[in-house]
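Only one structure is covered here, and it is reproduced in the block below.
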Amino acid sequence: MLETSARLLRLLALLQTPREWRGTELATRLDVSPRTVRNDIERLRTLGYPVHATRGSSGGYRLEAGANVPPLLLDDDEAVAVAVGLRTAAGGSITGIEETSLRALAKLERVLPSRLRHRLNALTTYTTAVPRDDRGPTVDTDVLTTLVTAARDHEILRFDYRAHDGEESRRIAEPHRVVTWGRRWYLLAWDVEREDWRTYRVDRMTPKIPTGPRFTPREIPGGDAAAHVSRGVSSAAWRHRASVVVHAPAAKVTERLSPAVGVVEAIDEHTCVLHTGADTVEVLAVYLGLLGAPFEVTDPPELVAHVRELAARYAAATPSGKNEVGT
């Protein structure tokens with residue numbers, strides 16, 4: 001009985017890999033006959049594991065999704081990765097998932113062997129997260145689930161939307177992708193009434209249930225949803241936006257800045273434009289300070305005034321600057 005149970009666990013571990021296994025392959029891996037493999041497959045089905053079989057020379061076995069979630073077999077690295085992911089999710093930017101993540105983590109830690117608990121405890125004890133300095137909005141789990149489900153099923157979405165200036169409107173859109181950028185989540189969708197692509201902040205959306213009829217997916221501009229959203233967000237989604245001329249090659253500026261800061265566009269070999277945005281001019285000024293090259297900023301007026309104030313403050317902070325200010 002112990003040998004059979006161990007073999008079933010080994011068979012289940014093989015079937016949980018994302019591929020289709022021929023019966024002869026499984027028999028070789030388990031060192032049993034093909035008939036024993038067939039009997040073990042039936043035992044797994046009896047236990048609730050939906051093992052699908054296809055006939056023919058190219059046929060085989062694969063584990064499919066079922067009505068319930070059966071026990072999973074994870075190797076050491078997978079178990080630690082799942083536990084770390086759950087701990088991260090417990091303190092993430094998605095509301096309503098913290099308690100669920102902690103419950104799942106508790107179940108996982110209860111069955112971890114001691115060697116893996118020691119690894120996980122070491123990661124927890126000797127790593128400390130610095131509080132993020134970009135306290136962004138959180139999104140509701142149900143809203144996020146509704147969006148990705150509608151995008152997956154190609155169903156038109158109706159929702160109330162609050163723009164950055166507080167104006168509210170009702171939108172009808174074809175959702176295509178949900179993009180996460182730092183602590184913010186965005187929906188890339190085709191706006192049916194405006195007949196154009198739009199990027200929406202998920203935390204400003206209130207979906208209407210049920211969703212609408214199905215639609216035919218469109219080709220995402222440029223074929224890259226993340227790139228399209230980053231360009232749109234840099235130019236439109238922030239309270240303060242700026243296009244700054246930087247006297248340095250675009251490649252050099254791109255290396256110095258995180259993609260979350262904005263989009264860098266080359267003008268020539270020695271000059272580029274940084275399209276960026278933020279909720280405050282103070283954050284924009286920080287971005288400019290990271291450029292490591294001369295730059296010119298002419299807009300918005302609030303940013304120009306803040307940069308001038310910083311320039312005077314920094315000049316006054318140095319010994320020569322204090323002398324010059326006093327003369």
Side-chain angles (χ1 to χ4, degrees), residues 93 130-139 161-169 179-186 196-205 226-327:
S93 60
V130 175
R132 300 178 64 99
D133 59 1
D134 58 340
R135 297 185 181 90
T138 57
V139 300
Y161 189 69
R162 176 176 50 82
H164 64 86
D165 60 0
E167 181 180 357
E168 296 186 359
S169 60
V179 177
T180 176
W181 185 351
R183 290 179 61 87
R184 287 183 170 85
W185 294 77
Y186 298 91
D196 196 6
W197 290 98
R198 290 290 188 273
T199 298
Y200 304 101
R201 279 262 298 267
V202 173
D203 59 292
R204 296 173 178 169
M205 300 177 62
H228 184 80
V229 168
S230 65
R231 287 192 296 268
V233 168
S234 298
S235 61
W238 300 101
R239 181 170 312 209
H240 300 282
R241 301 178 296 276
S243 294
V244 181
V245 176
V246 185
H247 296 284
K252 179 180 178 181
V253 174
T254 302
E255 290 177 355
R256 294 185 62 91
L257 298 179
S258 164
V261 170
V263 177
V264 179
E265 180 183 354
I267 297 178
D268 53 39
E269 295 182 358
H270 308 289
T271 312
C272 63
V273 176
L274 170 64
H275 302 283
T276 185
D279 286 335
T280 66
V281 292
E282 288 80 7
V283 173
L284 282 178
V286 171
Y287 295 161
L288 300 183
L290 297 174
L291 290 172
F295 60 86
E296 300 173 18
V297 55
T298 58
D299 195 64
E302 300 90 342
L303 178 59
V304 174
H306 185 64
V307 170
R308 287 174 177 168
E309 179 184 346
L310 286 178
R313 188 182 306 164
Y314 289 155
T318 63
S320 60
K322 291 180 179 179
N323 293 334
E324 290 176 4
V325 171
T327 58

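Note that the structure is a prediction, hence the values are computed from the model and not measured.
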Over all atoms of both residues, closest heavy-atom pair of [X] and [Y]:
X: L303; Y: V297; answer: CD2-CG2, 3.6 Å
X: V244; Y: E296; answer: CG1-O, 3.4 Å
X: A285; Y: L310; answer: CB-CD1, 3.6 Å
X: C272; Y: A248; answer: SG-O, 3.4 Å
X: H247; Y: A293; answer: O-CB, 4.1 Å
X: Y287; Y: A278; answer: CE1-CB, 4.4 Å

Checklist entry - For E302, what residues pass the salt bridge (Lys or Arg N to Asp or Glu O under 4.0 Å) criterion, not counting sequence neighbours? => result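 Residues passing salt bridge (Lys or Arg N to Asp or Glu O under 4.0 Å) with E302: none at all.
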Next on the checklist: I'd like to check the salt bridge (Lys or Arg N to Asp or Glu O under 4.0 Å) partners of D196; sequence neighbours left out, ordered by chain and number.
Outcome noted: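 Partners of D196 by the salt bridge (Lys or Arg N to Asp or Glu O under 4.0 Å) criterion, ordered by chain and then number, come out as R198.
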Checklist entry - Hey, is the main chain of A315 close enough, under 3.5 Å, to the side chain of T318 for a donor-acceptor pair? => result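 Yes.
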Next on the checklist: Main chain of L291, side chain of R256: is a donor-acceptor contact present, judged purely on distance under 3.5 Å?
Outcome noted: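 Yes; judged by distance alone, with no hydrogens or angles, the pair exists.
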Heavy-atom side-chain proximity of [X] to [Y] below 4.5 angstrom:
X: H275; Y: E265; value: yes
X: I267; Y: V273; value: yes
X: R201; Y: Y186; value: yes

Checklist entry - For A305, which residues count as a side-chain contact (heavy atoms from CB on, under 4.5 Å) partner, sequence neighbours excluded? => result none
Next on the checklist: For a side chain to side chain contact (heavy atoms under 4.5 Å, CB included) check, start with the C-alpha distance between Y161 and Y200, then their side-chain angles and the critical distance, and finish with the verdict.
Outcome noted: CA-CA 8 Å; Y161 189 69; Y200 304 101; 3.7 Å; yes
Item to check | Derivation and outcome, side chain to side chain contact (heavy atoms under 4.5 Å, CB included), residues L274 and L257 | outcome: CA-CA 10 Å; L274 170 64; L257 298 179; 3.9 Å; yes
Checklist entry - Quick one: CE on M205 to CZ on R162, what's the gap to the nearest 0.5 Å? => result 12.0 Å
Next on the checklist: Set out, in order, the CA-CA distance, both residues' side-chain angles and the distance that settles side chain to side chain contact (heavy atoms under 4.5 Å, CB included) for L288 and V307, then state yes or no.
Outcome noted: CA-CA 9 Å; L288 300 183; V307 170; 4.2 Å; yes
Item to check | Donor-acceptor pair between H306 and E282 side chains, under 3.5 angstrom | outcome: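 E282 and H306 do not have a side-chain donor-acceptor pair below 3.5 Å.
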Item to check | Worked check of side chain to side chain contact (heavy atoms under 4.5 Å, CB included) between T298 and V245 | outcome: CA-CA 9 Å; T298 58; V245 176; over 6 Å; no
Next on the checklist: Atom NE2 of residue position H270 - does it have more than 12 heavy atoms of other residues, nucleotides or ligands inside 6.0 Å?
Outcome noted: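 Check fails, neighbour count at 12 or below.
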